[in-house]
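Report on the following structure.
Please read these numbers as outputs of a predicted model, since none were measured by experiment.
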Amino acid sequence: MVKIYNTLTQQKEELRPLEAGKVKLYVCGITVYDYCHLGHARMLVAFDVVVRYLRFRGYDVTYIRNITDVDDKILARAIENNEAFTDVTDRYIAAMHEDEAALSILHPDQEPRATAHIEEMVSMIERLIDTDHAYRAENGDVYYAVTRFPDYGKLSKKKLDELLDGARIEVGELKRDPRDFVLWKSASDNAVGWDSPWGYGRPGWHIECSAMATCALGNTFDIHGGGSDLMFPHHENEIAQSEAATGETFAKLWMHNGPLRIDDEKMSKSLDNFFTVREVLQHHKAEVVRNLLISSHYRSPINYSEQSLVQSAKALERFYHCLKDLDIRNAKSLTNSRFEKAFVAAMDDDFNTPEAFSVMFEMVSEINRIKVTDQDLANQLGALLVRLGGSMGILQAEPAAFLQASVGAEIDSAEIDRLVAARDQARADKDWGKADEIRDQLTALNVVVEDGAAGSTWRIEA
RNA sequence: GGCUGGAUGGCAGAGUGGUUAUGCAGCGGACUGCAACUCCGUUAACGCCGGUUCGAUUCCGACUCCAGCCUCCA
């Protein structure tokens, strides 16, 4: 029984899909005007774990994550670079797919783009105008009349009159109410845009998700997710638009992942602490980054720092060290063990990855303890460990490959093998001085040698 | 100012009305030529003040501090 924290009700709820065994999930994706940053990665990984785990639990998940491929920032970037806005979006969509692949993020089942759903947006806006939830301003803009939706604020727990205090009144205001938000922006004929009943223009940001989500999943679906910073106004507005247009509940359950911080500061361009995924992956193993992103609960803030990366790397080293001597491939995963039950209980409880990790580390201890005396059981436990790790998208690499991989510096593994063999010979000759000298050379290369019963192995020190 | 969430051992980070989270680090021991890896043992915590209770880190209330959102934002 999977329980998920619902932002709407502010409590954990049992997952009861509309259709038994099937989960329909919509997540707000990325606006593609630049490379993905670590905050994006956090969101992508958080929902990747949701999808992987629900599938692990036997659910048939339909995962939709949109791409915002038209908006002011994209258009500004296109002008800046003197290129077509589609050149900008094509480039960053391709880059996003590369980043996702590197971080072992599964493809959504559909990746709808805003520009491919203008028609649906227009017809939704028409319905909103017909029902007096929206109005056309003099210049062709269309606004949503927030006061016409009594439930406005139910997701972010804001009261309409409280919003008035903070609302910014813009110069040349065309809105009837400062809290209203734009559904359709009029545009000059030479700008990017589409024809509409209200004139040439382009859609507002919020309407695209309402249109694409209902188009792909129906008026009502199971889970809607996104970053916590999207809760207001984006998700609040999605609810207002969709529920006013369809008269039905939009998403039953809302999930929000917590923010990513950099060295204990909010990540922002002004602080110049903005890391892109590809920058980070030049210096760190993708799995280490991914593991860092799931080592805290998805709703908590995560701090990204050199220290937290080292911790993540060490945790993975412990796993892979344990798996290294096992024969996983020919082992059958243990079923129904107390470990699996504890793991499932942890993950069923709102995807509690830290608690799941504690179970997995207990498995590591157990495997290390018995691996000499009961190789068979150790292999089975190892297979289980890999299977459980798979439900979170980790531990799928070859242990030796993980341990000997290095990022950034080129490693000459043949040379290392030669040094290790030479040291082994020196040890066989009981020439400790020479053996230690070679080890010093290896240490200088960031290589740690480990002498085992079956000979010496090496790994790259994180 | 409003709303939401948080304050746990040296660090990271779960959880629980009474019993070891877990990882890293520390300490003692085993293993090792010495290490590394691993194992065994071990130290150490629940912001502050009240209340409920036989008993609270865990429930309730006040307080202090922190973060996020209220503007584009994953």
Side-chain angles (χ1 to χ4, degrees), chain A residues 7 10 27-31 33 36-47 65 68 71-73 76 153 155-159 161-168 170 179 205 225-234 236 256-261 264-269 274 291-292 295-297 299-303 305 307-308 310-319 321-322 324-325 342 346 349 352-362 364-365 367-372 403 426-427 430-433 435-436 439 442-443 447-453 456-459 461:
Chain A
T7 306
Q10 296 172 288
V27 173
C28 286
I30 288 167
T31 302
Y33 71 103
C36 290
H37 60 240
L38 283 174
H40 294 128
R42 154 79 135 158
M43 173 276 289
L44 294 168
V45 169
F47 288 100
R65 193 184 60 227
T68 298
D71 108 317
D72 291 351
K73 290 190 292 295
L155 180 71
S156 55
K157 318 301 167 198
K158 294 185 189 303
K159 299 269 185 294
D161 35 327
E162 285 162 358
L163 283 170
L164 209 45
D165 301 338
R168 283 156 174 69
E170 293 151 35
R179 295 164 296 189
W205 175 38
S228 53
D229 50 346
L230 295 186
M231 203 160 93
F232 187 89
H234 184 56
E236 198 68 72
H256 290 96
N257 65 273
L260 184 108
R261 318 194 83 223
D264 275 321
E265 280 186 312
K266 184 185 164 158
M267 184 173 76
S268 78
K269 290 198 166 167
F274 217 80
N291 188 58
L292 168 60
S295 59
S296 297
H297 186 86
R299 283 190 279 119
S300 305
I302 288 183
N303 188 43
S305 66
Q307 192 203 11
S308 58
V310 169
Q311 294 240 3
S312 170
K314 294 210 170 190
L316 281 178
E317 268 174 27
R318 181 158 165 82
F319 281 127
H321 242 296
C322 168
K324 189 179 63 153
D325 310 322
D349 184 14
N352 193 334
T353 48
E355 197 167 320
F357 272 118
S358 87
V359 175
M360 290 167 72
F361 281 118
E362 278 174 35
V364 169
S365 296
I367 292 168
N368 284 334
R369 220 173 289 141
I370 64 170
K371 126 201 288 193
V372 190
L403 293 168
R427 291 177 64 230
K430 298 204 187 299
D431 185 350
W432 310 128
D436 289 347
R439 187 165 59 199
L442 288 163
T443 305
V447 173
V448 178
V449 231
E450 288 162 357
D451 300 334
S456 300
T457 58
W458 59 272
R459 67 181 161 90
E461 177 82 305

Choosing from [options], which nucleotide comes nearest the side chain of [X]?
X: A:Ser365; options: B:C70, B:A74, B:C39; value: B:C39
X: A:Met43; options: B:C73, B:A35, B:A74; value: B:A74
X: A:Asn368; options: B:C34, B:C39, B:C69; value: B:C39
X: A:Asn352; options: B:C39, B:G15, B:C69; value: B:G15
X: A:Arg261; options: B:A74, B:A25, B:A67; value: B:A67
X: A:Asp229; options: B:A35, B:A74, B:A25; value: B:A74

When rounded to the nearest Å, what value does the distance between [atom1] atoms of [N] and [M] take?
N: B:U42; M: B:A21; atom1: P; answer: 13 Å
N: B:G10; M: B:A45; atom1: C1'; answer: 11 Å
N: B:G47; M: B:C65; atom1: C1'; answer: 8 Å
N: B:C27; M: B:A36; atom1: P; answer: 12 Å
N: B:U53; M: B:U43; atom1: P; answer: 34 Å
N: B:U8; M: B:C66; atom1: P; answer: 14 Å
N: B:A62; M: B:C54; atom1: C1'; answer: 26 Å
N: B:G9; M: B:A44; atom1: C1'; answer: 5 Å

Considering Watson-Crick and G-U wobble pairs with both distances under 3.5 Å, what does [N] pair with?
N: B:A14; answer: none
N: B:U4; answer: B:A67
N: B:U20; answer: none
N: B:G9; answer: none
N: B:A30; answer: B:U38

### Under-4.0 Å side-chain N/O to phosphate OP1/OP2 contact, A:Arg318 with B:C37
no

### Query
What nucleic acid atoms does A:Ser296 come within less than 4.0 Å of, heavy atoms only: base, sugar-phosphate, or nothing?
sugar-phosphate

### Message
Using a heavy-atom cut-off of 4.0 Å across all strands, would you classify A:Gly39 as base, sugar-phosphate, or nothing?
### Response
base

### Message
Measuring from atom CD of A:Gln311 to atom OG of A:Ser305, what distance do you get when rounded to the nearest 0.5 angstrom?
### Response
8.5 Å

### Query
Is a side-chain donor-acceptor pair under 3.5 Å present for A:Ser312 with A:Asn291?
yes

### Summary
Rounded to whole Å, NZ of A:Lys371 lies from P of B:C39 at a distance of 8 Å

#### Entry: Gap between atoms CG and P, on A:Leu316 and B:C24 respectively (whole Å)
12 Å

### Query
Where does the angle between the aromatic ring planes of A:Phe319 and A:Phe357 fall among parallel (under 30°), tilted (30 to 60°) and perpendicular (over 60°)?
tilted

### Close side-chain approach of A:Glu450 and A:Leu403, heavy atoms under 4.5 Å
no

### Query
Any side-chain heavy-atom pair from A:Arg318 and A:Asn368 closer than 4.5 angstrom?
yes

